[in-house]
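See structure below.
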There are 2 protein chains.
Amino acid sequence: MAALNERQKLILALIVHDFVETAQPIGSNHLVERYNLDISSATVRNVMVDLTDAGYLRQPHTSAGRVPTEEAYRYFVRQLMGHTELPATTQRTITHQFYQAGRDVSRWMRLAASVLAHQSQAASLVTAPRPEQALFKHLSLISTQGRQVLMVMVWSGGEVRQQMLTLAEPVSQEQLSTAAARITQLCQGKDLEGISALRGQFDALETDVLKLVNEDLERARRLISGEVYRDGLTNVLAEPEFAESESARKALRVLEERSLLEDLLSRTVLNSGVDDVQILIGGEGTWQELRDCSVVLARYGAPGLVTGALGVLGPTRMAYGRTVSAVRFVSGLLSDLVVDSLAE
Amino acid sequence: MAALNERQKLILALIVHDFVETAQPIGSNHLVERYNLDISSATVRNVMVDLTDAGYLRQPHTSAGRVPTEEAYRYFVRQLMGHTELPATTQRTITHQFYQAGRDVSRWMRLAASVLAHQSQAASLVTAPRPEQALFKHLSLISTQGRQVLMVMVWSGGEVRQQMLTLAEPVSQEQLSTAAARITQLCQGKDLEGISALRGQFDALETDVLKLVNEDLERARRLISGEVYRDGLTNVLAEPEFAESESARKALRVLEERSLLEDLLSRTVLNSGVDDVQILIGGEGTWQELRDCSVVLARYGAPGLVTGALGVLGPTRMAYGRTVSAVRFVSGLLSDLVVDSLAE
DNA sequence: TTTAGCACTCTCGAAGCGAGAGTGCTAAAT
DNA sequence: ATTTAGCACTCTCGCTTCGAGAGTGCTAAA
């Protein structure tokens, strides 16, 4: 696959651009007229033959225009697209909305999903930030009614987890507070293993509580991603490539089914740096469900401390420029917010 | 619309049943053969004419079989369907899963949505339980870093809400704990107004904290439903009535767009009793988006204290028996769980 | 009141056909 | 050595036609 010359690049870029817009095969005449090219349609056709031989274009049938191949999108994304950013006013609006949302993580998530879906006109997903290595910070024990106790655990990074505990016999709120204070003091800054090592220094009540802390965290640790937020699912249904519902089903299954999503995320963003946008085109041969789909993903957060993932799923024929800049921007914004809420 | 005789009811029930299964117009011959009726197809045709005149059936075109009208589904649901329950083994399995999920509300929600989607083979939604009238129960203040403080509020019904607070100047954890204890003691059992009435009894730090408590709760109060959980969206895409994506879009928009959902819920389940299953067929003339859709909804929880809503959205041609029993069962189960976690 | 018989209607898929769009090739022009 | 005009060729798409099949409604007999 020899390097493309300038004219070839131009034609390829134009075809990708037009096809993204119209979803129709692009013909040589069409291209010349639309862009007032100072070359003839015959020349364009010659170039098209080159690009077809190089594997960047294909024809749906003998006498139709050309359509970009997956390879073309990859080339476009790598070499032709250039670095774009969201318009400054859009950036300001979005930033403003986030700061208005206060410190409520679940609102950040919903907002991020909504912004991504809207900017990319595709389906978006955002996973809640999760600590990569959780350090214990604080425990509250609150008696609710009878022998029921609400445990509220705070972990490094501000993750709050709750759990109910049923005691063998009623215990006063005072006793609970004392126990919580003792556990908080002894376990502060420790991770799961550190806490287990303290076994034996606690009385019966405290041991009961700690067992639940352990269980809860063990369960949480098994999952890569936190709560998943989605938006814009109906956007992809509007795209012609998902007109017959079968293809739409396949694509949306990936977002809906936890196991598929975890698989996708674990093989991509987990190995990448924060705010580093990854683009998966056409499932890259691996994901059968993502044939005809592209996914733009990024990891956000504070690496080593708290991270989450976010991204957009749309047809291969996707406005990569806009989508990538939206993902990059929101990812950066969330990273800032998460880091801010870690330390100031 | 005169009352139907037994034969008419039988035929109507069979047509609804068959159409739900096959999604094809039902012909008189087909019916007689399949159910070994001891009447002739001509007789069935006569009955069909009656039912068509009565508005329960219609023909897609002159020489096709009959299709139930929305009116037919309503009649079916009210008069013909009878009371069904999920099989006992299914009930046990589901119950077991819920108790395995411990006390984690967000897992209940996910599980409920998943069970509903699976049992009804349609799209499901579940809103997190929210206090109808929130009484303050407990406050923890946890210093994180510098002047950042994490507030964790516990409200009646076990709802835990968190908020970040940035102080003017650093304050020790000890001081924070004292303030939290004082606020907890003074405000315990009070609602938003009760807390406002105490204004003036607090020092600067405590007032700052309370302002945030107020803000957060004010914001929460404006929403009818808590976090929304969805599942089985891809199920509805498998139905032939949603084969062209346009109709699918309309239906899924209702689930996806918060405002539409809130509208739907506020006009239905909010006025109904808990565990009382409501069935909306074809949008009932009001919801344009829900043409060709039916929604089966119920409110769950402890009325007056904590409630949420849950339901299923599918094509009008839906297995109402199975769906209604699934919704009723899961609603009851969630009610029990919520009530249990309130008091024991 | 039920049913057999039958003419009638309408959809659906296959087949046929022409218009239109777009190509690839060749030969001339730059 | 490129570029381009010209042209024949190919293939899709929309349209129409047509026959088979399914299902009805009506009528007259049981």
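Quick caveat, the model's predicted, so the values are computed rather than measured. Just so we're on the same page: letters track the sequence lines, and every chain starts at 1.
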What do the steps show when you test Glu256(B) against Arg253(B) for salt bridge (Lys or Arg N to Asp or Glu O under 4.0 Å), and what is the final call? CA-CA 5 Å; Glu256(B) 187 163 60; Arg253(B) 270 262 314 280; over 6 Å; no
Ranking dT3(D), dC11(D), dG24(C) by distance to the side chain of His61(A), first place goes to dC11(D)
Are any side-chain N or O atoms of Gln59(A) and backbone N or O atoms of Thr62(A), one a donor and one an acceptor, separated by less than 3.5 Å? yes
Taken to the nearest whole Å, CD/Gln59(B) to P/dC10(C) is 11 Å
Per atom distances to the Val49(B) side chain, the nearest of dT4(D), dA4(C), dG25(D) is dG25(D)
Roughly how many Å is it from CZ in Arg45(B) to C1' in dT1(C), rounded to a whole number? 16 Å
Can you check the Arg66(A) CZ to dG22(C) P distance for me, whole Å? 12 Å
Contact class for Ser28(A) vs. all strands (heavy atom < 4.0 Å): base, sugar-phosphate, or nothing? sugar-phosphate
For dT10(D) and Thr62(A) - does any side-chain N or O of the residue sit under 4.0 Å from the phosphate oxygens OP1/OP2? no
Can you identify which nucleotide, out of dT24(D), dA4(C), dG24(C), has its nearest atom closest to the Met48(B) side chain? dT24(D)
Does dG19(D) pair with anything, Watson-Crick or G-U wobble, both distances under 3.5 Å, and if so, with which nucleotide? dC12(C)
Measure the distance from CZ on Arg7(B) to C1' on dT3(C) and round it to the nearest whole Å. 11 Å
dT3(D) phosphate, OP1 or OP2, under 4.0 Å from Ser40(A) side-chain N/O: no
Would you indicate whether Arg291(A), at its atom CZ, is surrounded by more than 12 heavy atoms from other residues, nucleotides or ligands within a distance under 6.0 Å? no
Re dA30(D): Watson-Crick or G-U wobble partner, both distances kept under 3.5 Å, found to be dT1(C)
Length of the CG-C1' vector between Asn29(A) and dG24(C), whole Å: 13 Å
State the CD1-CE distance between Ile279(A) and Met318(A), to the nearest 0.5 angstrom. 9.0 Å
Quickly work out the Leu37(A) CG to dT4(D) C1' distance and round it to whole Å. 14 Å
Rounded to the nearest Å, what distance is computed from the CG atom of residue Leu31(B) to the C1' atom of nucleotide dT24(D)? 14 Å
Measure from the side-chain N and O atoms of Thr90(A) to the backbone N and O of Leu86(A), and report whether any donor-acceptor pair falls under 3.5 Å. no
Tell me: NE2 of His30(A) to C1' of dA21(C), nearest whole Å? 13 Å
On DNA chain C, compare the nucleotides closest to Thr52(A) and Val44(B); which residue's is nearer the 5' end? Val44(B)
Examine the base of dT9(C) for any acceptor or donor lying under 3.5 Å from a partner atom in the side chain of Ser63(B), and report the outcome as yes or no. yes
dT24(D): pairing nucleotide in any strand, Watson-Crick or G-U under 3.5 angstrom: dA7(C)
